[in-house]
K.L.:
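I have a structure I would like to understand better, so I am pasting it below and will then ask my questions one at a time.
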Amino acid sequence: MKKFTNSVELILPNPEATTQQAEVSGSEALILSLLAEGVETIFGYPGGAIMPIYDALYNYAYRVKHVLVRHEQGAIHAAQGFARVTGKVGVVFATSGPGATNLITGIADAMIDSTPVVCITGQVASHLLGTDAFQEIDIMNITVPVTKWNIQVTRAEDIPKAISKAFYIAKSGRPGPVLIDITKDAQFAKTTFSYQTCESIRTYHPYPQVDISKVDDAALLINAAKKPYILAGQGVLLGDATDELVAFAEKGNIPVASTLLGLSGFPHDHPLYVGYLGMHGNYGPNKNTNECDLLIAIGMRFDDRVTGDVNKYAKQAKVIHIEIDKAEINKIIKAEVGIHANVKEALPLLTERIESHEHKSWIASFEEYKKEEYQKIIRKNCLNTDGEIKMAEVIFLLNELTNGDAIIVTDVGQHQMVTSRYFGYKNPRTNVTSGGLGTMGFALPASMGAKLGAPEKQVVAVIGDGGFQMTLQELGTISQYKIPVKIIVLNNEFLGMVRQWQQMFFEGRYSFTEMCNPDFVKISEAYGIKAKKIVDRADLKGTLKQLLEFDGPYFLEVKVEKEENVFPMIPTGAAVSDMVLEYKK
């Protein structure tokens with residue numbers, strides 16, 4: 001085996017300053033640039049067009065951990081999971097052609113969910129561009145709509161600057177994905193390495209200055225409100241503003257609800273937390289959206305799953321919208337006051353200006369809705385003792401056993417909605433899910449990245465039987481690197497969310513949604529992963545404890561009720577106030 005060269009350490013750059021060093025290849029310049037940005041983990045899959053970069057990486061394996069995934073989609077989702085729990089930029093390597101196109105779903109997911117990732121793809125040599133060479137694809141034009149920025153590099157000397165700019169763009173302002181495509185000749189060519197971290201770009205202004213007059217206007221509205229209501233989105237987490245949100249809510253005594261991606265941005269055991277917004281959210285938070293007199297939207301974008309019919313959304317309320325992305329203000333819901341700012345800067349200024357109020361009867365109204373939801377939904381689904389195991393009771397028990405102190409990674413579907421409803425997130429950055437794109441197959445690879453990003457935390461992936469089969473090959477990655485994630489598949493042998501819609505809105509015509517599944521336990525064991533399947537309620541709590549206490553990866557399949565539905569629900573096209581608690585034929 002080739003030994004690491006002693007000269008490597010001599011050319012490591014100082015991340016704090018420009019470095020001029022010996023002549024290196026473009027590939028080595030890339031690795032040195034990533035080290036200068038503090039990169040310690042890379043998710044990737046090698047191939048012909050990126051082989052020189054992998055060869056350069058060989059000499060730096062003692063400085064950076066490369067995780068060999070089983071599919072490029074697994075790499076991008078793992079990088080997303082890593083980025084979501086750490087707040088750092090996730091990094092992905094892939095080759096040209098199908099390697100690059102296999103990243104597209106994850107890049108699009110990262111774009112809509114504001115996740116900072118830098119994808120580095122290999123490309124055919126520059127003289128072959130446009131010739132339909134083997135594994136050539138125009139990844140630049142393909143990724144324009146789903147990246148914050150992309151660039152193709154054809155010269156070795158341009159690689160460090162491209163990396164520096166990519167990291168700055170990916171993590172600044174509203175975060176997002178960036179793609180750098182590097183031709184093979186640029187990877188081989190020699191250059192004198194130098195690196196300067198990017199601190200600004202002339203035409204890009206990611207950190208807006210807070211308009212104090214807007215803050216004053218917002219404070220006047222808050223101080224006059226009788227029924228103020230905070231809708232907290234992922235911007236609170238991305239802006240590292242959870243403490244600021246708590247201080248703001250407590251001073252004004254204002255109830256707080258979270259969007260799907262905003263979950264964990266406000267502690268669920270706080271007395272001002274009233275629940276989860278959206279199509280399958282909590283009853284009170286949705287109903288009271290059309291009862292409040294002031295809606296304070298913080299770091300959220302009024303997704304259609306939150307608003308329902310926008311023509312019937314909060315028409316009685318004035319709206320304050322605090323958002324770092326100016327394009328989101330007034331895009332869907334008209335704001336009385338739009339504050340274009342980072343929430344971490346804007347919230348303390350607003351807190352200084354608001355008055356303390358009690359709002360007793362207003363807060364009590366949420367409690368009344370909560371009691372109704374408990375009687376009709378929660379007691380039946382979470383504390384059930386009859387029939388088949390329900391998804392809700394699995395999550396209810398998981399929350400109890402972890403005390404809400406775990407990172408929960410969910411896929412997309414009924415299990416995602418159930419987990420969002422019944423897990424009590426206490427700490428920031430502990431909810432990892434695919435929100436805007438709704439990508440099935442997200443959870444398993446994302447849980448790998450989350451665990452590598454937060455090795456000290458318990459990481460549990462909750463997945464449906466449909467989504468699990470989209471990326472289950474990543475069990476190989478988990479096994480190879482001994483990543484101790486806990487995997488729970490809630491198996492109802494259906495594409496459950498689609499089936500629920502078919503039952504409710506398509507006259508029960510279950511068109512191609514029933515699943516014929518393999519033996520998941522045998523598959524997991526074939527990868528060397530501890531696995532178990534349960535069908536009896538009596539085994540549930542003990543097995544969940546075993547899963548959480550096991551030293552290593554653990555797969556648990558729970559057979560749940562086949563035709564269980566998730567309620568409450570805002571029917572498609574309905575107003576948030578039209579949320580229903582049960583299905584009526």
Side-chain angles (χ1 to χ4, degrees), residues 12-19 21 24 26-44 50 53 56-57 60 63-67 75-76 78-94 103 106-107 110-111 113-122 139-140 143 146-153 155-182 186-187 191 193-207 238-240 324-325 342 429 449 452-453:
L12 289 178
N14 176 359
E16 304 299 324
T18 302
T19 311
Q21 299 290 352
V24 298
S27 296
E28 191 168 11
L30 169 70
I31 304 302
L32 292 173
S33 298
L34 293 175
L35 290 171
E37 289 291 342
V39 173
E40 297 176 346
T41 306
I42 298 168
F43 303 92
I50 200 169
I53 289 173
L57 181 62
Y60 294 86
R63 287 293 307 273
V64 61
K65 181 181 183 70
H66 179 277
V67 178
I76 182 69
Q80 288 177 271
F82 179 90
R84 293 274 284 276
V85 302
T86 64
K88 299 177 182 177
V89 177
V91 179
V92 176
F93 283 178
L103 298 176
I107 294 173
M111 184 67 176
D113 282 355
S114 305
T115 305
V117 291
V118 169
C119 299
I120 296 162
T121 54
I139 199 64
M140 302 306 294
T143 57
V146 293
T147 53
K148 216 178 154 185
W149 181 66
N150 68 8
I151 188 172
Q152 187 171 76
V153 180
R155 302 191 310 166
E157 57 265 37
D158 295 333
I159 290 174
K161 186 175 181 181
I163 292 292
S164 178
K165 190 173 179 181
F167 271 76
Y168 178 70
I169 291 172
K171 66 188 177 183
S172 61
R174 180 177 179 176
V178 169
L179 182 133
I180 305 173
D181 192 47
I182 307 176
Q187 297 172 44
T191 184
F193 178 77
S194 66
Y195 195 82
Q196 176 68 52
T197 54
C198 182
E199 296 179 353
S200 66
I201 299 170
R202 187 178 63 178
T203 57
Y204 172 56
H205 307 288
Y207 301 113
L238 297 176
D240 191 25
I324 198 166
D325 185 351
N342 186 335
R429 294 188 177 275
L452 291 170

K.L.:
With Ile107, which of Val92, Asn150, Thr147, Val117 fulfils side-chain contact (heavy atoms from CB on, under 4.5 Å)?
P.N.:
Thr147

K.L.:
Could you grab the distance from atom CD1 of Ile182 to atom CG of Asp158, nearest 0.5 Å is fine?
P.N.:
10.5 Å

K.L.:
Which pair of heavy atoms, one from Ala56 and one from Glu28, lies closest together, and at what distance?
P.N.:
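That would be CB-N, 3.8 Å.
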
K.L.:
Of all the heavy-atom pairs spanning Ser33 and Phe193, show the shortest one and how long it is.
P.N.:
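Smallest heavy-atom distance, with atoms named: OG-CE1, 3.5 Å.
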
K.L.:
So, do Ile53 and Ile31 sit near enough that their side-chain heavy atoms are less than 4.5 Å apart?
P.N.:
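They are in contact (side-chain heavy atoms under 4.5 Å apart), so the answer is yes.
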
K.L.:
Shortest non-hydrogen contact from Leu452 to Phe43?
P.N.:
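Looking at all heavy atoms of both residues, the shortest contact is CD1-CE2, 3.7 Å.
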
K.L.:
Once salt bridge (Lys or Arg N to Asp or Glu O under 4.0 Å) is applied, what residue pairs with a partner in residues 159-181 remain, sequence neighbours excluded?
P.N.:
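For residues 159-181, and leaving out neighbouring residues, the salt bridge (Lys or Arg N to Asp or Glu O under 4.0 Å) pairs sorted by first residue read Glu37-Lys171, Arg174-Asp325, Arg174-Glu328.
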
K.L.:
If you compare all heavy atoms of Gly453 against all heavy atoms of Thr86, which two are closest, and at what distance to 0.1 Å?
P.N.:
O-CG2, 3.4 Å

K.L.:
Does the side chain of Val91 come within less than 4.5 Å of Phe167's, by heavy atoms?
P.N.:
yes

K.L.:
Which pair of non-hydrogen atoms, one from Pro160 and one from Ala156, has the smallest distance, and what is that distance?
P.N.:
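Closest pair (atom of Pro160, atom of Ala156, distance): CD-O, 3.8 Å.
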
K.L.:
Just how far is it from atom CG of Leu30 to atom CG of Leu57, taken to the nearest 0.5 Å?
P.N.:
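One finds 9.0 Å between CG of Leu30 and CG of Leu57.
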
K.L.:
Is any side-chain heavy atom of Val39 less than 4.5 Å from a side-chain heavy atom of Lys88?
P.N.:
no

K.L.:
Over all heavy atoms of both residues, which pair between Ser164 and Cys198 is shortest? Give the atoms and the distance, please.
P.N.:
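Of all heavy-atom pairs spanning Ser164 and Cys198, the closest is OG-N, 2.6 Å.
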
K.L.:
Are any of the side-chain heavy atoms of Tyr195 and Ile163 separated by less than 4.5 Å?
P.N.:
yes

K.L.:
To the nearest 0.5 Å, what is the distance between CD1 (Ile159) and CD1 (Ile151)?
P.N.:
10.5 Å

K.L.:
Calculate, to the nearest 0.5 Å, the distance between atoms CD1 and CG belonging to Ile139 and Leu179 respectively.
P.N.:
6.0 Å

K.L.:
Return yes if some donor-acceptor pair links the side-chain N/O of Thr191 with the main-chain N/O of Gly26 below 3.5 Å, else return no.
P.N.:
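Not confirmed, Thr191 side chain does not pair with Gly26 backbone.
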
K.L.:
Side chains of Gln80 and Asp113: closer than 4.5 Å at any heavy-atom pair?
P.N.:
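Not in contact.
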
K.L.:
Between Arg429 (side chain only) and Arg84 (backbone N and O only), is there a donor and an acceptor less than 3.5 Å apart?
P.N.:
yes

K.L.:
Would you say Val146 and Pro177 make side-chain contact, with heavy atoms under 4.5 Å?
P.N.:
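Side-chain contact under 4.5 Å: no.
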
K.L.:
As an exercise, state the distance from CD of Gln152 to OG1 of Thr121, rounded to the nearest 0.5 Å.
P.N.:
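OG1 of Thr121 is found 8.0 Å from CD of Gln152.
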
K.L.:
Lys148: what forms a side chain to side chain donor-acceptor pair (under 3.5 Å) with it, not counting sequence neighbours?
P.N.:
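Partners of Lys148 by the side chain to side chain donor-acceptor pair (under 3.5 Å) criterion, ordered by chain and then number, come out as Tyr204.
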
K.L.:
Can you tell me how far the CD1 atom of Ile120 sits from the CD1 atom of Ile180, to the nearest 0.5 Å?
P.N.:
5.0 Å

K.L.:
Are the side chains of Phe93 and Leu34 in contact, using a 4.5 Å heavy-atom criterion?
P.N.:
yes

